[in-house]
Amino acid sequence: MLTTLLAFLGACTLIAASPGPSTVLIIKQSLRSRRSGFLTVLGNETGVFIWGVVAACGLTALLAASELAYDVMRIVGAVVLVVFGIQTLWQARRADGRAEAAWAGTEKSDWASYRGGLLLNLANPKAAIFALSFLPQFVPEGAPHLPTMIGLAALWAVYETGYYSMYVWFVGRMRAVLSRSGVRRRLEQVSGGVLLLLGARLALES
């Protein structure tokens, strides 16, 4: 069991270290404040746990088997990414030299930060399919399937919360540099562009 657990945590580390839309959003929100970044992490990991539970119940197998259902989720996910990208680019456009107060004044509410992380994860069909293919590999032989997979999903979410919190902490430590008007604007532009590209790629996938 210990060997399986260590292998599972190692796999979780590789998954978290792979850059994706969630990583971009977490870093972007962490530029606003550590609180905003951490709440985005919590929203994202709530989505991870939900997909894990759905996979444990076997429902993501329906998504994998239905091309129409997958395509609908793919388009929804692409739209979400594009909307986030446009919003980010608009914020970058507004991040001129008028006032630092404008930056603080546009800080999102706690619920909006949490909701953004949750929505981005739940709108990603790849997250659902990945949970279906990933979690069963680490269920020990003879162990009860449903509670074990739910437990692994919870562990996955908690572990990633700790992992991504390091991103939030690091961005917070660098905020004195990153919050400069020119640097901040450039980071917003890069983040927005990446989200738009990821959305376009997801929409064009067959």
Side-chain angles (χ1 to χ4, degrees), residues 1-27 40-85 114-167 194-206:
M1 185 62 187
L2 178 60
T3 302
T4 301
L5 183 60
L6 291 175
F8 178 73
L9 293 178
C12 288
T13 302
L14 293 176
I15 294 167
S18 301
S22 294
T23 305
V24 175
L25 185 64
I26 289 167
I27 293 174
T40 304
V41 171
L42 290 182
N44 183 73
E45 298 315 313
T46 301
V48 167
F49 179 69
I50 290 173
W51 281 132
V53 172
V54 170
C57 295
L59 298 180
T60 48
L62 299 177
L63 177 62
S66 172
E67 183 176 351
L68 176 60
Y70 183 85
D71 283 343
V72 169
M73 275 205 66
R74 179 173 57 80
I75 296 302
V76 170
V79 169
V80 170
L81 284 169
V82 169
V83 169
F84 274 124
Y114 177 85
R115 182 184 59 202
L118 176 63
L119 179 61
L120 193 63
N121 190 282
L122 291 182
N124 185 1
K126 291 184 176 180
I129 303 302
F130 188 80
L132 175 65
S133 61
F134 173 62
L135 292 176
Q137 300 179 44
F138 297 94
V139 176
E141 186 176 352
H145 186 80
L146 181 61
T148 302
M149 280 191 65
I150 291 176
L152 288 173
L155 179 59
W156 184 11
V158 170
Y159 182 80
E160 281 199 349
T161 297
Y163 183 92
Y164 285 126
S165 292
M166 292 190 297
Y167 285 36
V194 169
L195 289 170
L196 280 176
L197 287 174
L198 290 172
R201 187 180 71 174
L202 186 59
L204 294 174
E205 282 182 351
S206 58

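Computation of the quantities below employed the complete heavy-atom set of this structure, encompassing side-chain atoms and omitting hydrogens, waters and symmetry-equivalent molecules. Count residues from 1 along the sequence.
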Contacts of type side-chain contact (heavy atoms from CB on, under 4.5 Å), residue Val158, not counting sequence neighbours:
none

4.5 Å side-chain heavy-atom contact, Asn124 and Phe130
no

side-chain contact (heavy atoms from CB on, under 4.5 Å) partner of Met149, chosen from Val53, Leu132, Val139
Val139

If you look at every heavy atom in Ala127 and Asn121, which pair is closest and at what distance?
CB-O, 4.1 Å

Please assess Tyr164 against Thr40 for the test side-chain contact (heavy atoms from CB on, under 4.5 Å), listing each intermediate value before the final yes or no.
CA-CA 10 Å; Tyr164 285 126; Thr40 304; over 6 Å; no

To the nearest 0.5 Å, how far apart are OH in Tyr159 and CD in Glu45?
12.0 Å

Are Glu160 and Val41 close enough that some pair of their side-chain heavy atoms sits under 4.5 Å apart?
no

Separation of Leu9 CG from Leu14 CG (nearest 0.5 Å):
11.0 Å

What pair of heavy atoms forms the shortest contact from Ile150 to Ala56, and how long is it?
CG1-CB, 4.0 Å

At their closest point, which heavy atom of Ala131 faces which heavy atom of Pro136, and how far apart are they?
O-CD, 3.8 Å

Look up atom OG1 in Thr4 and atom CD in Glu141, then write down how far apart they are to the nearest 0.5 Å.
11.0 Å

Taking the side chain as everything from C-beta on, heavy atoms only, tell me whether Phe138 gets closer than 4.5 Å to Thr148.
no

Does a side-chain heavy-atom distance below 4.5 Å link Leu155 with Leu5?
yes

Residues in side-chain contact (heavy atoms from CB on, under 4.5 Å) contact with Leu122, at least two apart in sequence or another chain
Ile50, Trp51, Leu118

Residues in side-chain contact (heavy atoms from CB on, under 4.5 Å) contact with Ile27, at least two apart in sequence or another chain:
Thr23, Tyr167, Val171

Distance (rounded to the nearest 0.5 Å) between Ser165 OG and Leu42 CG:
7.0 Å

Of the non-hydrogen atoms in Ala153 and Phe49, which two are nearest, and what is the gap between them?
C-CD1, 3.8 Å

Is the distance between the ring centroids of Phe8 and Phe134 less than 6.0 Å?
yes

